[in-house]
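As the structure lists them, so they are numbered: ligands from 1, and atoms in each ligand from 1. Because the structure is predicted, anything quoted here is derived from the model rather than measured.
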Amino acid sequence: MKEKFYITTPIYYTNASPHLGHLYTTVLADVLARHSRQNIKEQNVFFLTGTDEHGAKNVKAAEKAGKNIKEFIDENVAKFQELWQKLDISNDDFIRTSDQKKHWPTVQFLWKKLEEAGDIYKGNYPGLYCVGCEAFITKKDLVDGKCRDHDQKPELIEEENYFFRLSKYTKKIEPLIKNNELRIIPETRKNEILALLKEGLEDVSFSRPAKDISWGISVPGDASQTIYVWADALSNYLSALGYGTADNEKFKKFWPADLHIVGKDIFRFHAAIWPAMLLSAKLPLPKAILVHGFITAGGKKMSKTLGNVVDPFDLVEEQGAEAVRFYLAKAISPFEDGDFTEEKFKKIYNGDLANGLGNFVSRVAAMIAQYFNGIISKPDDSILAKVPFLHSFKSLAHLDNQTNEKVEGFSIPYTIENLIRPEYEKLMEGFELHSALNLVWQFLAELDKYVQDYQPFKLIKTDQEKTQAVLWSLAFGAVSVAWLIKPFLPETGDKILKIFGVPSTDNPPAGGWQEFKITLPKESLFPRKD
Ligand code: MSP
């Protein structure tokens, strides 16, 4: 069992307000942070997000908007913070690279460490700078003279910069990634970076002339140069913990990071430059980097010219935060690109949330309210045995010692404890969030089938005892589902617990719940949308 969990999102550029891609990264991180808080002490989880406010991109956007840079950035940062709040993002901190007290000292401290290691030198090489990437790119990255990712012409820049000896570290990083000391997930990305490291990487420019890029952090001892935006940005993972300052308790407690979540476009910075910087500074490397794909809209890259940009504020306003979180986590595999369309959204909303989860919970709660005055307690095991759960989790049969041979199945609590939970935890550990949700919804479908199998609405007329066993089992199932979905749908999870009278702050009690007291909700959890 892990003792602490430090998880980060990338810090977002503040040249515009947040888009759906940013939301995706942040929701993934939030789900994993919430999940780890269920498994380890809350104060041992640290979930960091923030904003990347320097660099040419932000300056250009402010100029274009005709605004003062600081004002422009502050406005955009406020939008990120507002969106995270709307989505119930549970970050423990929000780091801004413009924070001179908190961020800058660490960046300059780290720079000095690299310098002490002999890894910073002055050089002058011409290069092609892509503002979209905020990086020097090579001819290989060009299509028709434009950056492949940003469809922009790079600028030819020849200036005196400080360089970082990345080349010295490629051979050192390679085995660490190969043997999973630094895990890269998924495997395809691991192979991609290994191939790159094998080729060897060139040293990178680590500063820009301050006369061109003044909105940034000065190189220690040379105010004529500004620290390169990626060196500045990557350091956020340390500055938020107070590394290199007197207030470094968090650093001692949380470093190294357990998981950096990044999109595929920026994973090379995280899997090559960042580990090299850490090795140079003699710091432990992060344990893992999860690389996710891109979200497209209607199969195409979201772009203003195509007019298919999904505004996350509008989406949340129309669909509700929980439904948006659900879509991002369930409809898209973190390891591949995923698509967003309104039709697909509606289908998932109505199918999984309104007709699936919402309907199930309200049916079970209503039957308990009607037939048992809203209070139902655990029946004797001998009675439970009369209404076994005839599940068909064939794929989980290997986990199942007891039901394997018993065609008639076992109880719902047994199934949850021995089949669903272990498999769910395994999927979450492997970051297969969409599959974990699929498992839960498969379980919900089986619970629906249980209702069909025993028909409590008819059974109540002939056998009260058996009906109690069926409905108690179903309530147990609903409450267990609430626990499993809480990292994804925190509000809905809590609402379900409330409906069944189960406190939401504690972990599930050992041995599960004995009694449920129903409070019928005033509104349905997910009203159907047509
Ligand atoms: N500022 C840098 C990161 C520095 S981290 C030390 C940056 N910022 S960004 O705002 O451009 O991107 C932030 C994250 O959003 C990245 O992980 C990126 O992959 C993700 N996304 C941007 N567009 C995306 C989609 N369309 N889909 C999914 N995620 C995408 O890069």
Side-chain angles (χ1 to χ4, degrees), residues 7-29 48-61 73 76-77 79-80 83-84 89 94-98 103 106-107 110 130-135 147 149-152 189 216-217 227-240 257 259-275 277-278 286 289-304 306 308-312 315 324 327-329 331-340:
I7 177 170
T8 68
T9 71
I11 48 173
Y12 301 104
Y13 287 130
T14 45
N15 56 323
S17 58
H19 60 65
L20 197 61
H22 300 145
L23 193 60
Y24 181 64
T25 311
T26 313
V27 166
L28 287 185
L48 178 69
T49 189
T51 41
D52 188 354
E53 306 180 21
H54 301 135
K57 194 188 282 230
N58 295 335
V59 178
K60 287 198 170 158
I73 298 288
N76 283 334
V77 170
K79 288 184 197 151
F80 276 93
L83 187 62
W84 299 161
I89 301 299
F94 188 101
I95 185 87
R96 297 184 56 175
T97 57
S98 64
H103 180 65
T106 299
V107 178
L110 186 64
C130 168
V131 175
C133 299
E134 291 284 10
C147 164
D149 285 345
H150 295 95
D151 200 28
Q152 270 175 0
R189 298 287 169 200
I217 308 174
I227 295 178
Y228 173 45
V229 64
W230 273 98
D232 163 357
L234 289 161
S235 310
N236 90 88
Y237 303 130
L238 288 170
S239 67
L259 184 67
H260 292 312
I261 300 188
V262 300
K264 62 181 183 181
D265 56 332
I266 60 167
F267 116 84
R268 292 175 183 192
F269 295 94
H270 284 80
I273 298 182
W274 182 227
M277 287 169 73
L278 292 167
I289 301 175
L290 170 63
V291 188
H292 67 72
F294 261 40
I295 302 201
T296 51
K300 298 207 173 70
K301 188 176 170 177
M302 277 180 261
S303 88
K304 288 206 178 103
L306 284 176
N308 64 346
V309 176
V310 181
D311 178 355
L315 187 65
V324 172
Y327 184 94
L328 296 177
I332 297 166
S333 154
F335 310 140
E336 285 149 37
D337 289 349
D339 197 31
F340 176 90

Residue and atom name of the nearest protein heavy atom (relative to atom 1 (N) of ligand 1), distance in Å to one decimal: Asp52 OD2, 2.7 Å

Heteroatom distance test (Ile266, ligand 1): nitrogen or oxygen, under 3.5 angstrom: no

Ligand 1 versus His270: contacting region, heavy-atom distance under 4.0 Å: side chain

His292 to ligand 1, any heavy atom closer than 4.0 Å: yes

Under 3.5 Å: donor-acceptor pair, side chain of Asn308, backbone of Ala297: yes

Nearest-contact summary for atom 27 (N) of ligand 1 - protein heavy atom, Å: Ile295 N, 2.8 Å

Lys/Arg N to Asp/Glu carboxylate O, Lys300 vs Asp339, below 4.0 Å: no

Non-hydrogen atom of Trp230 closer than 4.0 Å to ligand 1: yes

Candidate with minimal heavy-atom separation from atom 19 (O) of ligand 1, of Ile261, Asp265, Ile11, Leu20: Asp265

Top protein contact for atom 11 (O) of ligand 1, by heavy-atom distance: Tyr13 CD1, 3.2 Å

Asn236 side-chain N/O to Thr51 backbone N/O, donor-acceptor pair under 3.5 Å: no

Under 3.5 Å donor-acceptor, Thr97 side chain and Glu53 backbone: yes

Numbered atoms and elements of ligand 1 in range of Gly293, under 4.0 angstrom, heavy atoms: 28 (C)

4.0 Å heavy-atom contact, Gly55 with ligand 1: no

Aromatic plane relationship, Tyr237 with His270 - under 30° parallel, 30 to 60° tilted, over 60° perpendicular: tilted

Selection from Thr9, Asn15, Thr14, Thr25 by shortest heavy-atom distance to atom 20 (C) of ligand 1: Thr25

Steps toward ring pair (Phe, Tyr, Trp, His ring centres under 6.0 Å) verdict (Phe80, His22): CA-CA 9 Å; Phe80 276 93; His22 300 145; 5.4 Å; yes

Closest protein heavy atom (residue, atom, distance) for atom 13 (C) of ligand 1: Tyr12 CD2, 3.4 Å

Identity and distance of the protein heavy atom lying nearest atom 30 (C) of ligand 1: Phe294 CE1, 3.6 Å

N/O separation below 3.5 Å, His22 to ligand 1: yes

Atom 23 (N) of ligand 1: the protein heavy-atom neighbour that sits closest, reported with distance to 0.1 Å: His19 CE1, 3.1 Å

Arg268 atom CZ: more than 12 heavy-atom contacts under 6.0 Å: no

Part of Tyr237 with heavy atoms under 4.0 Å of ligand 1, whether side chain, backbone, both or neither: side chain

Closest approach of any protein heavy atom to atom 17 (O) of ligand 1, naming residue and atom: Gly263 N, 2.8 Å

Plane angle bin for Phe269 and Trp230 - parallel if under 30°, tilted between 30 and 60°, otherwise perpendicular: parallel

Donor-acceptor contact below 3.5 Å, side chain Asn76 vs main chain Thr14: yes

Atoms of ligand 1 close to Ala233 [distance to a heavy atom under 4.0 angstrom, numbered from 1]: 6 (C)

Phe267 vs Trp274, ring pair (Phe, Tyr, Trp, His ring centres under 6.0 Å): CA-CA, chis, key distance, verdict: CA-CA 10 Å; Phe267 116 84; Trp274 182 227; over 10 Å; no

Full working for salt bridge (Lys or Arg N to Asp or Glu O under 4.0 Å) between Lys264 and Asp337: CA-CA 9 Å; Lys264 62 181 183 181; Asp337 289 349; 3.0 Å; yes

